[in-house]
Structures are given as C-alpha cells and as structure tokens.
Amino acid sequence: MEEIYPFRTIEPKWQSFWEKERLFEVDTSRTDKTKYYCLVMFPYPSATLHVGHGRNYIIGDVVARYKLMRGFNVLAPIGWDAFGLPAENAAIKGGLHPKISTLNNIATMKRQLRQWGVCYDWRREVTACFPDYYKWSQWIFLKLYEKSLAYKKRAAVNWCSSCQTVLANEQVVNGACERCETPVIQKFLEQWFFKITDYAERLLKDIAQLTHWPERVRVMQRNWIGKNEGVAIHFPVDGEGEPLTCFTTRVDTIYGATYMVLAPEHPRLQELIRDSKNKGEIQQFVERILRQPQEERSALEVKKEGVFTGWHVVNPVNGRKIPLWVANYVLLEYGTGAVMAVPAHDQRDFEFAKKYGLPIEVVIDQPENPLNPLTMKEAYIEEGIMVHSELFNGLGNREAMEKIAHFMEKKGMGRRTSAYRLRDWLISRQRYWGAPIPILYCNACGIVPVPEKDLPVLLPENVRFRPTGESPLKDAPEFVKTRCPKCKGEGKREFDTMDTFVDSSWYFLRYLSPQNAERPFDTALVNRWLPVDQYIGGVEHAILHLLYSRFIVKVLHDLGYVGFDEPFERLFTQGMIIKDGFKMSKSKGNVVSPDELIERFGADTVRLYTLFIGPPEKDAEWSDRGVEGAFRFLNRVWRLSQLLSKRGALVPVSSAVSGLNEEGVSLRRKLHLTLKKVTEDMEGSFRFNTAIASMMELVNEIYRYLGEEEKTLQENERVLLREAFELLVLLLAPFIPHLAEEIWSSLGRKGSVFRASWPSYDPNAIAVEEVTIVIQVNGKVRSKLNVAVDLSDELLKEKILNDESIRKWLDGKTVKQWVIVPKKLVNLVVT
RNA sequence: GGGCGAGUGGCGGAACGGCAUACGCGACGGACUUAAAAUCCGUUGCCGAAAGGCUUGAGGGUUCAAAUCCCUCCUCGCCCACCA
C-alpha cells in the first residue's frame, strides 16, 4: 500500500482531463438549465503571486464546481486588470516595457491558476490593456460624455508627488496616496471627471436592495456617499448683487449666526477681495492653506485660522449684517463651501469665535439651567428650547427646524436640500499605462470627442514613460497631432489616460461576448446572465471598484444598454491571509509561494488548507503546520480508498443497505448528517471550514467502523462502506478536485465526478431527534437536556420514563400531563 | 467624536437559547523502528491525589436553561470624521 498519495502524477492528469472535457466551457445560449454567473474580481497581473491571492480563486472555484454538481449552467470567467501603475513603475526602474512584463505576468499566473486546479472558461478571457478591450472603455467614456456625465473642469485636485499624477478622492487614504503612501497635496488642474454625484441618491437608495452583500460593505458605501439633509440658505452680500449660499443641517440655529465663513478655494472669494484693502494678507493666507498637504490640513488637531474679508452678509431671517470671513476649517467640496457660523451651538465655530473675538449668541437653551455666552466653555449641541428666535421662541428646536425650513422656503430665503460627501470621480491620469481618453482639442471647434468609428485611440508603444507630472504621451508627437473630425483642421489629442478603475467597472459585461468587435457587450445576453449571481473578492474594493461598477451599470441602464441597474446580486468578501502578523508582501519577506507548496504537497493540500484555515470572510494567519495537517487528511482519505478496496468494500453493489447493527446505523446516521451539514455550509454564507471539519469527522468515523484489519466484512457492511465512501467523495470533490476524480474513477465510475450530481441526504437515516425535556414537579421546574429519542410519541414517552435521571426526579409520582412540541420540547406536569 | 463588528483552551477555531471547547495544530504517552522521520493508537480546558469544583473579557439582568438574548463597563479591529 502506498503511504503517500501520488499527487504529482494525479494532479496534472486531471487538469488535462478537465481541459479535454471542456468542463468549464459554458454554452450561454442554453435555457434548459438555470444560469449561474460565478465571478471572481479579475486580477492585476502582478509578478509575485502568493497563497493569499489564491484564497479568492480557490473560493470561486469551489463555488463554481459545487454549482456545476447542483445542475446549474455555470459561467466562470477570468480576465486581467492589465493597465496600471506597478507595471509602469517597474518599467521606469529600467525593466521591460509594461506591455511585455504584463504579458509575462499573465502567462505565469495562468500557469499557477491551472496548477491550483482552478478552472475557467478560458475562451472568455479578457485583457484590459488590449485594444479590442480598451476600445470599449473609451466607448463608455464617449457615452458618458454624450450625456454630460463626463466633463472637464479646473479644480483643486489630489496630487501625489511620488506617482506624479492626480488621484480620485477614493484613492486618498488618510490624506495619502493609497498606492505609495505619499501625502497628497492639492493642485489646481484642469481634469476629466465622471459625474457620479448625479447618481449619489440612487447609489445610496439602492444599497437597500443589496441584501446579499456583507453589511460591512453596505455601511462603508453609505458612509462614503455621506448624505446629510438640511437647508441651503441664501445670504445677500452687503453692497453686492449675488448672494452667497451656505448649507446647514441645523437651520434651527439660524438666529444665532454671528458670522459667515468661506472655504479658501471658494470661487467667489477672488472676485470679492479684488478691491479689499487687506487683499495681500488674504491672498497670502489662502495660498498658504492650499499648499498644505491634505493630511496636514484635515488632521485632528489643526488649529482654526482665518481672515476677515472686509465684506458683510445679511442674515435673511432677521436682516442682521454679519461679517464674512475666510477660514481653513471650511471645505469647498462639501455643501456649498460656505458656512453660517453659530458659535453657541457648533464646536468648530465656537473655537473660532473665541480665538477672533466674534460674538456668541445662544438661541437654543435649557430653561432649568440657562446658558451664559460669556462663561460657556464649549458649544451647546444638545436639544433645547428656542430663544432669541423671534416667532419661533418657545418651540422645541426639533420642531423649530421643520418650521423654519418651511418658513424660509415660503419666503424664498432658502430651500431644503441634501449634501453629499461623495465627490465626482476624477478619471484623468498623467501616466502612460492606461487607455487614452478619446478626446481631441481643435482650435476651431474646441473639445471634440473622437467619433465612435475611430475607436480605439491606440496607446502608442514607443514612448518614454518617465513621469514628469504631465502625461508621457505628450512627448509622442505622432500621437498628439491629429485632425479634427469635424472641420478637418489641426487638432491635438488629450494625452492623459483613464483611471484603470474605468476598465474594471464594466469587464463583467464583456465576458458574455468577449470577441464581439461590433459592440462592447451583447444586450440580450447580459440581460439574461446578469446580475452576477456570486461575486467574490477582497474587501479592499468595498468602495472604489464596487461603487464605480454600480455607477457605470446604472448609467448603462439609463442609456438603455442594459436592463438591470445593479451588477452584483451576491457579494462575498474574503479575508486576507496574514503571515507573521503582516499582510504578505515581497518587501516584508513573508511571502508564501504557492509553487513550492504545490511541489511538496500538491494543489489539493493547498486548496484544502486555504479553505480550512478559518471562516473565509475573516483574516487568517498562515501556518505551515496547518498545511501539513491538511496533507495528512488527504493521505488518510487516500489510504482509506486503498484499505476499503483491499477489504472488498469498493466492488460495485446492487443491493440496498439492510440489517445493520447499531454501529452500522450510527455510521449511516453520521453519513447523512454530514451530507446535510456540508450542503448547508455551501449554501448561503460559505462555511467551508466547518464543512471540511464535518467531512474529517466522517472519515474518522469510517476508520473506527472498519476496526481491526483481520476482521472480515459482512455483505451489508461492505454495502454501507461503499455507499458512505462514494458519497464522501462527492462531497469532497469541489474542495479537492484532483483526488476526488482519481478516487471516483477507481470506484469504477465513468466520466468526471463533476458530471455527477450533488447527493441529498435521507431524512430517515437521521430520524433521531434531540428534544429538550422540562419536568414540572409540584410546580417546581427541572430540566434535562437533549435526550436522543425516536420521533414517535409513544417511543418517546417510554424512553423518557426509562431515563435514569428523570426517574429520580419523578420520584415514583405519575405524569399528569404531557406537552410534546415535536423536535423542540417535552413538558411533563407531575403532581 | 459618530457608526459597525469582535472578545471562547497553549494556538487557529466550533457551538449562536439546550452536553462549551467539534475539527485541526501543538504537546504528552505508547506501537512500529538499530535509530530517526513518516504512520498508527491513546491522553490533552483549568484546579485537585481523588471525590469533586471552576471555566466563554468584567459586572448585573431575563430564563427551568445564557458563550449565545438585554443593560453597564473594559479591550481590540474596521469604516467615517473640522462634513457645517
């Protein structure tokens, strides 16, 4: 008997078999089976793949194989998020052209996925850096442009001085570049944006539909959109025509506004201070604030500072003139970039007013303990009764909020509105390795979109791509110089490229018709196959990719290209795999390479351990000992098949199991409990770790049942063992597909185990139920826990009355009343 | 500061009102071996010689019964945060 199972010969054999069998090649036109779209987030082709990356693909593969066995028509595609900075940065360091290194990395990852036993429909592979793909990313840009959802504006934007490019708001983490952690500064630049804010309300509202998404991700998206309801109030500027509008969520405090503040970037500021006598001072202040890294400006303990503009504005409700200031604590991007300051009831305004000696006026008070503006130590932000607020005096502030808002709307002083934290998606990048933005600039016609028929705008390959702060494409004359399609005059191409998140916001549509040269996707097909049934990926995409994809799909829906407006029905976010307390990374030197492990233990071991390591949605610490444990289990399964075969328990049988002794009944019960448990763990939230644990228990049980090697097996024992083992192999198949196929064929079964159907359990085999027995003796309650009993009431009663500890309680008395709730509770009333 | 989640053996974790510590790792003992590895069998929450007692971050509550539900607190993780 071989002690170690021959994974080195088994695994390549079955990998080739699956390819020959076209196991994962799906016919998307079939309607006789229910479709199942199982999607893993398409990978960035990086050079060093580690076991942490594998978790994603292994989970996806287990789900796809399981659904195949459940009779679904399974679509499991893969592609490459192939544009992006790392390849370009590597090229700058003197390596290969990004195109070459990307293609090399793709080849390596393909080999690794195959060795993992992870299967896809490779005919549907898409690669984001190929012109036949990015042509359609550009097409999407044009569609947004047509609907005015793509626009160019000069704005204060996030700039990473290390990556030498602008970043989207979503790519700034704690004031630093999410990629290189360089503090982000603000720059005034003219850039392309997608108007995602137009969809803020729908993106927020539809989160409610995403009931099969992790709550954590839904909360993160809600926070990110950050809706606040309030009132936009127009304050006339004293001596100037155009009023200034501010946004507040606390309109109840309007009578306490003692000054107004503008953000340093406020568009009206320059015009207002043109003739100010302290123009120089203001200018200096504004410039100093804008130069600060974002990290510094938004840090927790930044002191508030500001300058008086020389202007006054008029509070519309009482006609009072209040001074207009500019200060560092007001953000342009939120609300209107202008704030009515109520020092008595807002901590920030309070601090600012104290510092600059601005008046503090209480308008919400607590009658039993009135506030004194002179001695207050902090702003009063609790609820209270309205004071100094003219006709609203005496009302509760909650109620007043409603009334004042209504009053202001009626008088045209303001309107109810919402402010969102979400900002428009900045998609320009001053980098080389991305899809060119399909726009050109003509002296005569201005901004001209590239006509659809001229797509793709090809990315030139022969370019020096060292970042200079401007796109490297600028220095490729043959790219930049072009003719205007409208007037045929001279034109210049836009030389910025698109954020790679544009590429990844629609790839799941392309998989349905990856070769279609006429259209980005086939509307009828995507309508049949989407939303994606199961999306699997890392939680690091909870905001970026998932929000952008939802946005693009909603836009495509509104344009009539797709019939659904949410792309992902179910989302699963797997946890990270940690080594020595850190995320695996080359620089930390804690990378566990899958190639080595597969060489030593085989792919099934790596798969099984990855799935057994812990709850898949949680982070988990990698342990080399744990891998050995998984390997040990596989060998136990392998030896079991040899042992059973040797003892004649694997010959095909026709008779059904009968005449089992107590151990046999118990093993059969365990078998069907395992079938039940594994199936339940596969459905709903994925509990692979407990599914595997229960299969380990079954294996242990079978070994115990087999007993001594000398013992000859009876006919009925052999039949039972054959049944148990065969069903076990079916359960194991999605997890350890190579070994399962090998054993399946050794059982004399023809064809792939994945063409067999997933077994269902026999309820009769588990027809022993656990019941809680509560006995009330003379009104006093005693209980006994979980007695295993048969279902019939008579047998149940007999068993209970014969139970030793219950007899003790009954103490010779008779049962007056039985209350039996099937499977739950037995209540005995005894006098 | 606001929101969400979590705290269980030496470790990863299971149970999610009904036998706490399944399964795995590690450790210990034994078999096999000249020996080691591998493999197999057994033991393994804590205290105690044993009988027995104690145990799910701390404290309280509900219940016949609480790791699980409720309240207070502590600790950790994540998200948002000068957001008006």
Side-chain angles (χ1 to χ4, degrees), chain A residues 1 3-4 173-174 214-228 230-231 233 246-251 253 257 260-261 263 297-304 327-342 345-349 351-352 381 419-423 539-540 542-543 578 608-609 612-615 617-633 635-636 639 677 687 689-700 703-704 709 770-777 779-788 824-825 827:
Chain A
M1 199 197 309
E3 288 288 320
I4 302 239
V173 179
N174 294 331
E215 187 53 26
R216 187 154 79 107
V217 175
R218 305 204 308 160
V219 168
M220 281 166 75
Q221 292 221 349
R222 256 184 231 118
N223 283 344
W224 191 259
I225 296 168
K227 181 181 180 175
N228 261 314
V231 181
I233 306 168
C246 76
F247 172 80
T248 182
T249 54
R250 289 295 305 276
V251 74
T253 65
M260 186 181 208
V261 201
R297 194 176 156 195
S298 63
L300 224 68
E301 293 304 319
V302 173
K303 49 185 197 299
K304 292 166 184 54
N328 64 342
Y329 74 96
V330 175
L331 306 172
L332 178 73
E333 312 81 36
Y334 187 77
T336 61
V339 170
M340 68 170 205
V342 185
H345 305 293
D346 181 286
Q347 187 56 26
R348 295 154 299 182
D349 298 341
E351 285 166 28
F352 193 79
I381 53 172
Y420 298 88
R421 214 189 71 94
L422 185 70
R423 287 194 257 162
V539 76
E540 66 274 16
I543 296 169
I578 307 289
L608 188 79
Y609 177 64
F612 186 60
I613 193 166
E617 69 280 6
K618 284 175 67 179
D619 290 352
E621 171 83 28
W622 184 268
S623 139
D624 294 335
R625 295 288 199 174
V627 179
E628 288 168 30
F631 185 58
R632 217 169 283 155
F633 173 70
N635 278 306
R636 251 168 99 70
R639 266 198 315 278
K677 171 77 178 150
R687 296 192 300 264
N689 54 330
T690 54
I692 291 167
S694 71
M695 292 186 280
M696 286 173 167
E697 285 179 58
L698 180 59
V699 169
N700 293 344
Y703 267 104
R704 236 169 276 143
E709 214 169 310
E770 314 233 299
V771 193
T772 301
I773 299 165
V774 177
I775 304 170
Q776 300 179 22
V777 186
K780 205 177 156 194
V781 181
R782 322 191 94 152
S783 68
K784 172 136 173 58
L785 317 170
N786 274 17
V787 181
K824 284 293 271 192
L825 190 92
N827 209 337

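Predicted model only: the values in this text are computed from it and were never measured. Letters A, B, ... mirror the listed sequences (proteins, then strands); counts begin at 1.
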Pairwise P distance, G3(B) and G53(B) [rounded to whole Å]: 45 Å

Interatomic distance where OH belongs to Tyr329(A) and C1' belongs to C82(B) [whole Å]: 9 Å

Regarding Asn700(A), tell me which of base, sugar-phosphate or nothing describes its non-hydrogen contacts under 4.0 Å with the strands shown. sugar-phosphate

Quick check: does any side chain N or O of Tyr609(A) sit under 3.5 Å from a backbone N or O of Ser623(A), one acting as donor and the other as acceptor? yes

Met260(A) and Cys246(A), any side-chain heavy atoms less than 4.5 Å apart: yes

Which residue, Val330(A), Leu331(A), Thr248(A), forms the side-chain contact (heavy atoms from CB on, under 4.5 Å) with Val339(A)? Val330(A)

Are any protein N/O atoms closer than 3.5 Å to N/O atoms in nucleotides 3-13 of chain B? If there are, list each pair with its distance.
| unit_1 | atom_1 | unit_2 | atom_2 | d |
| --- | --- | --- | --- | --- |
| G12(B) | O2' | Ile613(A) | O | 3.0 |

Of G24(B), A15(B), C82(B), the nucleotide closest to the side chain of Thr690(A) is A15(B)

P atom, U75(B) versus A66(B): distance in rounded Å? 28 Å

Length of the CD-C1' vector between Glu351(A) and G1(B), whole Å: 12 Å

For Ile692(A) and Lys304(A), find the nucleotide of RNA chain B closest to each by heavy atoms; which residue's nucleotide sits nearer the 5' end? Ile692(A)

Can you tell me, in whole Å, how much space there is between the C1' of A35(B) and that of G24(B)? 30 Å

Just compare C83(B), A15(B), G24(B) and give me whichever is closest to any side-chain atom of Lys677(A). A15(B)

Arg250(A) versus His345(A), closest heavy-atom pair with distance: NH1-O, 4.4 Å

Provide the distance between the two P atoms, one in A15(B) and one in C23(B), to the nearest whole Å. 13 Å

Distance check, P atoms only: C4(B) and C69(B), in whole angstrom units. 15 Å

Can you measure Phe631(A) atom CZ to C25(B) atom P for me and round it to whole angstrom units? 13 Å

Its dot-bracket string being built from Watson-Crick and G-U pairs below 3.5 Å, with | for another strand and [ ] for crossing, RNA chain B has the pattern (((((((..(((.....[....)))((((((.......))))))(((....)))..(((((..]....))))))))))))....

Rounded distance [0.5 Å steps], CG in Leu422(A) versus OH in Tyr334(A): 12.0 Å

Relative to its sugar, using the 90° cut-off around 0, the base of G9(B) is syn

Whole-Å distance, Glu697(A) CD to A22(B) C1', equals 6 Å

Between Glu333(A) (CD) and C82(B) (P), how many Å, whole number? 10 Å

What's the spacing between Asn635(A) CG and Ile4(A) CD1 if we round to 0.5 Å? 5.0 Å

Nearest heavy-atom neighbours spanning Gly335(A) and Phe247(A): CA-CB, 4.1 Å

Does a nitrogen or oxygen in the side chain of Arg625(A) sit under 4.0 Å from OP1 or OP2 of G26(B)? yes

Between N or O atoms, less than 3.5 Å apart, protein on one side and nucleotides 40-44 of chain B on the other: list the pairs.
| unit_1 | atom_1 | unit_2 | atom_2 | d |
| --- | --- | --- | --- | --- |
| C40(B) | OP1 | Arg639(A) | NH2 | 2.7 |

Take atom P in C28(B) and the same atom in A37(B), then report the distance between them in whole Å. 11 Å

Hey, is the main chain of Arg636(A) close enough, under 3.5 Å, to the side chain of Tyr703(A) for a donor-acceptor pair? yes

When you compare C25(B) with G1(B), how far apart are their P atoms, in angstrom units rounded to a whole number? 45 Å

Is there side-chain contact between Asp346(A) and Ile381(A), with at least one heavy-atom pair below 4.5 Å? no

Of all heavy-atom pairs linking Asp349(A) and Met340(A), the shortest is OD2-O, 3.9 Å

Within this structure, what is the CG-to-C1' distance between Leu332(A) and C82(B), rounded to whole angstrom? 15 Å

Side chain to side chain contact (heavy atoms under 4.5 Å, CB included), that's the test. Do Val219(A) and Arg222(A) meet it? Break it down for me. CA-CA 5 Å; Val219(A) 168; Arg222(A) 256 184 231 118; 4.1 Å; yes

Between G1(B) atom P and Asp346(A) atom CG, what is the distance in whole Å? 17 Å

Expressed as a whole number of Å, how far does the C1' atom of G9(B) sit from that of G13(B)? 11 Å

What's Thr248(A) touching, base or sugar-phosphate or nothing? Going by heavy atoms closer than 4.0 Å. sugar-phosphate

Is the ring pair Phe352(A)/Tyr329(A) parallel, tilted or perpendicular, if the boundaries are 30 and 60 degrees? tilted

Give, for atom CD1 of Ile225(A) and atom CZ of Arg423(A), the distance between the pair rounded to the nearest 0.5 Å. 15.0 Å

Which part of the nucleic acid does Arg222(A) contact within heavy-atom distance under 4.0 Å: base, sugar-phosphate only, or nothing? nothing

By nearest heavy atom, map Phe247(A) and Glu628(A) onto RNA chain B; which one lands nearer the 5' end? Glu628(A)

CZ/Arg625(A) to CZ/Arg632(A) distance, rounded to the nearest 0.5 angstrom? 8.5 Å

Distance, rounded to the nearest Å, where Met340(A) contributes CE and A84(B) contributes C1': 8 Å

